[in-house]
Amino acid sequence: MPELPEVERARRRLEQLAKGKRIKKVLANEDTIVYSGVTHAGFATACEGKIVKAVKRKGKNFYLVLSEKTTPIFHFGMSGTAIVKGEAGPIYRAPRAKTEPCIWPPKYAKAVLTFADAETGEEVGDWAFCDARRLGRIKLIEAEVPEEVPPLSTLGADPFLDMPSVEVLAAALIKRHAPIKAVLLDQNGPLCGIGNWMVDEILYQARLHPSHPSSALTLEEVTTLHHHIRDVTVVACAVNADAAQFPSHWLFSFRWGKGKKEKDFILPSGEKTAIKFVTVGGRTSAVIEAVQKLPKGVVQKTKAAVKKGKGKRKAKEESEEEGEEEDEEENEEKNGDESERGEEKVTREKATSPYFDERVKLDDRAMAEALPLSPSFKLPLDLSPTKPRASTRASRSRAV
DNA sequence: ACTAGACGACGGG
DNA sequence: CCCGTCTTCTAGT
């Protein structure tokens, strides 16, 4: 499950293994899709012999800062994973990935790096980048400062390393007319590293419907959202992306296996409700309708036609889709955008967000402590399920 | 056995 | 700016 926390986990492990070490050998398996802009052989040649100065991450990308200006960069895509020789592969959520112990090189390995002590040449460990679905990417960045060129330079702010203030986030969000979910998933938008499960978790915690227009968010809503973006990110990273340790009130453990239309979910209040699955921004979205309401005037575009694209079209069958509301009359009637979208763009953006006052300056912490959550839905600011381990948690204290 | 769905991102309409 | 596509494995039917 490679979203920010899973990638951060992979980064940490690779850093432990490789920082200060020499890349003694690279076994690169040919793959003209995963290797992008470089051949497997070219990648191996570029890495071999170099010393790893640092292992960094931005969003869902992680990369090796080497002793030269070539920077190997990895992206897990949907199914990528990293495995250290002798260790079981990561199991983010069970049951999953029946990791065969110790077959090496592992199945679907695209690159296997052998690290060695820079002085003695003694081998210290092997690491493999694997990807069954081949949607992951391995590239080389050729630049003095890798962060200054694509794909890193175009990314939004990383919510773990560099969370923007409420004001900056609000200003960015209200400029976007897409559903809030689509905006948060946009890696080159305001933030990066957030993927499908994170955004659903965040929006549920923040009590916002994924279809809520980003431009219509109030400052209060952005403040709550900001809090939960930080919260979900920091907590997931604090437990090293191990879903077994995620807080029990999270949607996470309930959302998978969408085989059925709905699944049961227990609210923190103890009430039982259903998880609804809707498609927003082309992705399956888990929604708790009891707490995630759309703002007035916005209707869910639940076109029954959004089934499966191919020839699956089930003819009519409209008889049993009364569950939706076919009223898509008017979302907004005041926009009158028919005229032009070019010129008066700016004024129109402001007009769609009558609540946001740029002059207001808020204190992050003060607002976080005054979250507009209902009493029965209050979330523990002190997130319980994290074990007493206090090793890699420097940032936890002043989080949120 | 068969097939919808999957933790992502990009290109096109 | 939404949708299809790429690709292949898994889990549910």
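A, B, ... follow the sequence lines: proteins, then strands. Residue 1 opens every chain.
In this structure, C:dT7 forms no base pair with any nucleotide, since neither Watson-Crick nor G-U wobble geometry is met with both distances under 3.5 Å.
By the 4.5 Å heavy-atom criterion applied to side chains, A:Glu201 and A:Arg255 are not counted as neighbours.
Atom CG in A:Asp186 sits roughly 10 Å away from atom C1' in B:dA9 (whole-Å rounding). Between the NZ atom of A:Lys110 and the C1' atom of C:dT8 there is a distance of 10 Å, rounded to whole Å. The nearest whole Å value for the distance from the CZ atom in A:Phe277 to the P atom in B:dG5 is 11 Å. Put simply, CG on A:Asp131 is 17 Å from P on C:dC6, counting in whole angstrom units. When the P atom of B:dG8 is taken as reference, atom CG of A:Leu155 falls 14 Å away, rounded to whole Å. The CG atom of A:Leu191 sits 14 Å away from the P atom of B:dA9 (whole-angstrom rounding). A:Glu6 has its CD atom 13 Å from the C1' atom of B:dG8, to the nearest Å. Nucleotide C:dA11 holds its P atom 15 Å from the CE atom of A:Met78, rounded to whole Å.
When only modelled atom types and interatomic distance are considered, A:Ser165 and A:Glu167 share a side-chain donor-acceptor pair under 3.5 Å. A donor atom on one side chain and an acceptor atom on the other are not found under 3.5 Å apart for A:Thr218 and A:Glu220. No hydrogens or angles considered: nothing links the side chains of A:Asn61 and A:Lys56 as a donor-acceptor pair under 3.5 Å. In the model, A:Thr70 has a side-chain atom that pairs as donor or acceptor with a side-chain atom of A:Glu142 under 3.5 Å.
For A:Tyr108 and C:dT7, the shortest distance from a side-chain N or O to OP1 or OP2 is not below 4.0 Å. Under 4.0 angstrom from either OP1 or OP2 of B:dA6 there lies at least one side-chain N or O belonging to A:Thr284. Contact annotation: A:Arg283 side-chain N/O to B:dG8 OP1/OP2 distance is under 4.0 Å. Here A:Lys60 reaches the OP1 or OP2 of B:dA9: one of its side-chain N or O atoms lies under 4.0 Å away. A:His75 has a side-chain polar atom (N or O) that falls below the 4.0 Å cut-off from OP1 or OP2 of B:dA9.
Using a 4.0 Å heavy-atom criterion, one finds that A:Leu185 contacts no nucleic acid atom at all.
Between A:Ser285 and the options A:Val199, A:Val280, A:Thr279, A:Ile275, a side-chain contact (heavy atoms from CB on, under 4.5 Å) holds for only A:Val280.
Considering only the side chain of A:Ala182, C:dC2 comes nearest among B:dA9, C:dC2, C:dT8. When distances are taken from the side chain of A:Glu3 to each of C:dT8, B:dG8, C:dC9, the shortest belongs to B:dG8.
Within a heavy-atom distance below 4.0 Å of DNA chain C, the residues of residues 134-141 of chain A found are A:Arg134, A:Leu135.
Residues passing the ring pair (Phe, Tyr, Trp, His ring centres under 6.0 Å) test with A:Phe115, sequence neighbours excluded: none.
Nucleotides C:dT7 and B:dC2, compared at atom P, are 22 Å apart to the nearest Å.
Under a 3.5 Å cut-off, the side chain of A:Arg9 and the backbone N or O of A:Asn240 do form a donor-acceptor pair.
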